[in-house]
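For clarity, every value in this text was computed on a predicted model and none was experimentally measured.
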Amino acid sequence: RQVLDSNLSPIVELEGLTLHKSKTFYGTTGTQVDKANRLYRIDQGTGSAELLLQLDQSFNGYIPKDFEAISCSPVCR
């Protein structure tokens, strides 16, 4: 299934994908020109992606780029 952004444009360089305990998928893009370094919430029923965060911003002076992977930490009891 293809992942589409809110404009129904395909996200062709979805590099990181993880499943949260709430059964929500999250994905990151790499260096794709028009959708680079972004974090999306992905609806597994429709394949639509909601942009949550532009990741290539300054985090205490460090500007990361090309996100290859993402992970959700499990809740430990």
What distance separates E50 CD from Y40 OH, expressed to the nearest 0.5 Å? 11.0 Å

In terms of heavy-atom contacts, T29 and K35 come closest through OG1-O, 2.6 Å

Close side-chain approach of Y26 to L52, heavy-atom, < 4.5 Å: yes

Close side-chain approach of L14 to I42, heavy-atom, < 4.5 Å: yes

Within the side chain of D5, is there an N or O that forms a donor-acceptor pair under 3.5 Å with the backbone of N7? yes

Nearest 0.5 angstrom please: N37 CG to E13 CD, how far? 9.0 Å

Are L4 and L17 grouped together when hydrophobic residues (ILVMFWY) are joined by side-chain heavy atoms under 4.5 angstrom apart? no

Mind listing the closest non-hydrogen atom pair of K23 and Q44 along with its distance? O-NE2, 3.0 Å

Run the side-chain contact (heavy atoms from CB on, under 4.5 Å) check on I70 and L39 step by step: do they pass? CA-CA 9 Å; I70 185 174; L39 174 66; 3.5 Å; yes

